[in-house]
Number of protein chains: 2
Amino acid sequence: MQDFEGLLRGLKLKVTPRRRAILEVMAAGSTFLSPEEIWKKVGEAGTNVGLPTVYRILEELAGGGVVTRVLHDNRQLYYYLCPNKGHHHHFVCLSCHKVEDVDLCLGEALEQEVKLRIQGALFSHILQLQGLCRECREKGGKA
Amino acid sequence: MQDFEGLLRGLKLKVTPRRRAILEVMAAGSTFLSPEEIWKKVGEAGTNVGLPTVYRILEELAGGGVVTRVLHDNRQLYYYLCPNKGHHHHFVCLSCHKVEDVDLCLGEALEQEVKLRIQGALFSHILQLQGLCRECREKGGKA
DNA sequence: AGTTAAATAGAAATCACTTCTATTTGACGA
DNA sequence: TCGTCAAATAGAAGTGATTTCTATTTAACT
Ligand SMILES: [Mn+2]
Ligand SMILES: [Mn+2]
Ligand SMILES: [Zn+2]
Ligand SMILES: [Zn+2]
């Protein structure tokens, strides 16, 4: 996870300084970030960028499956640059905002349920786990 | 699902005309509704209510597990009065907004995954399926 | 180097949702 | 039945995350 150029090309997106900077900031940690947090970090790293540009780029990357949207109780959307490909979901720590992969092939069971019982068409599904990661649990994290 | 009075008492909420009216409107259909849609329907049914009151009551009912929050691409929150108790999740039709129960005991597997692999504490999880219900699929629904 | 569609900045707008406060009301017990 | 009071509500106002708009810049390709 460092070939941002190839990554952007794969999504048919131009390789620009803002996109590079956003990817670099997101790749630097394994936590979910708000658009504003990313905006500030990009600025601190020396790249001037507008907040609307951050929002747009994040949605482009989310559409391309490179970043994952993280849902939060406060109704804000957060984003996480996931290095792993293939279908999987995430566990998010409510205290330190760390994101960890969860490999569970629900896909099969869900497809069957919708096909057999509901007899509809399944387009997508959302699965997100939330709690405290190991470290935060051991030190007694908030909430 | 018609004993709204007992339902509200069970949640330690006073039985008021607004709460009754909102429950009646939601029970009248099996689709998810926006706070504004509910507000309009309640008004049309003859009960004057403020929009902030609708928001507040919906969150009270969601907190009590009587209504489910439905996530939508447009970032708005929708609500669904679920008649069934016990842990389960929902399939939502993107065309007609109908909601159907999905009984899948993921709980077990998720608990195990978090306990063994992540070694953290699992507080909650979100699972929502979206697509087209049988009727909408057969008639070629939108999206 | 020229062309062009894509990308961006910055200001402005949007609007779903929340907050605030004065007033009303349902629950409960005397 | 009535008094009490915390809970509930209306309506106005505020909030702020996100979107829209448009003039300008730039990456990609030749
Ligand atoms: Mn992942
Ligand atoms: Mn249900
Ligand atoms: Zn943590
Ligand atoms: Zn449908």
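A note on names: the letters A, B, ... follow the listed sequences, proteins ahead of strands, and every chain is numbered from 1.
- As a whole-Å value, the separation of B:Arg19 CZ from D:dA7 P is 11 Å.
- Near DNA chain D, meaning a heavy atom under 4.0 Å away, the residues from residues 46-63 of chain B are B:Asn48, B:Val49, B:Gly50, B:Pro52, B:Thr53, B:Arg56, B:Ile57.
- For the residue pair B:Gln76/B:Ser34, the side-chain donor-acceptor check at 3.5 Å is not satisfied.
- In this structure, the ring of B:Tyr78 has its center less than 6.0 angstrom from the ring center of B:Phe32.
- If you take CD1 of B:Ile22 and C1' of D:dT9, they are 11 Å apart, rounded to a whole angstrom.
- Ion pairing between a basic and an acidic side chain is recognised when a charged N comes within 4.0 Å of a carboxylate O; B:Glu113 and B:Arg117 show such pairing.
- Rounded to whole angstrom, the span from the CD1 atom of B:Ile38 across to the P atom of C:dC17 amounts to 11 Å.
- In this model, a donor atom of one side chain and an acceptor atom of the other lie less than 3.5 Å apart for B:His89 and B:His125.
- Side chains of A:His97 and A:His72: no donor on one and acceptor on the other come within 3.5 Å.
- Nucleotide D:dT19 holds its P atom 14 Å from the CD atom of A:Glu36, rounded to whole Å.
- The two residues A:Phe91 and A:Leu132 make their nearest non-hydrogen contact at CZ-O, 3.5 Å.
- A donor-acceptor distance shorter than 3.5 angstrom exists from the side chain of B:Gln128 to the backbone of B:Leu71, with no hydrogens or angles considered.
- The CG atom of B:Leu33 sits 15 Å away from the P atom of C:dA16 (whole-angstrom rounding).
- A donor atom on one side chain and an acceptor atom on the other are not found under 3.5 Å apart for A:Arg19 and A:Thr16.
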- Message: Within the 4.0 Å limit for protein heavy atoms, which parts of nucleotides 24-30 of chain C are touched? Write it as a string from 5' to 3', B for base, S for sugar-phosphate only, - for none.
- Response: --BS---

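- Judged by distance alone, the side chains of B:His88 and B:Asp103 never bring a donor and an acceptor atom under 3.5 Å apart.
- Look at A:Arg20 and A:Glu24 and you find no salt bridge, because none of the NZ, NE, NH1 or NH2 atoms lies under 4.0 Å from a carboxylate O.
- Side chains of B:Tyr55 and B:Glu36: no donor on one and acceptor on the other come within 3.5 Å.
- Put simply, CH2 on B:Trp39 is 15 Å from P on C:dC15, counting in whole angstrom units.
- At a non-hydrogen distance threshold of 4.0 Å, A:Gln76, A:Leu77 from residues 69-78 of chain A come into contact with DNA chain D.
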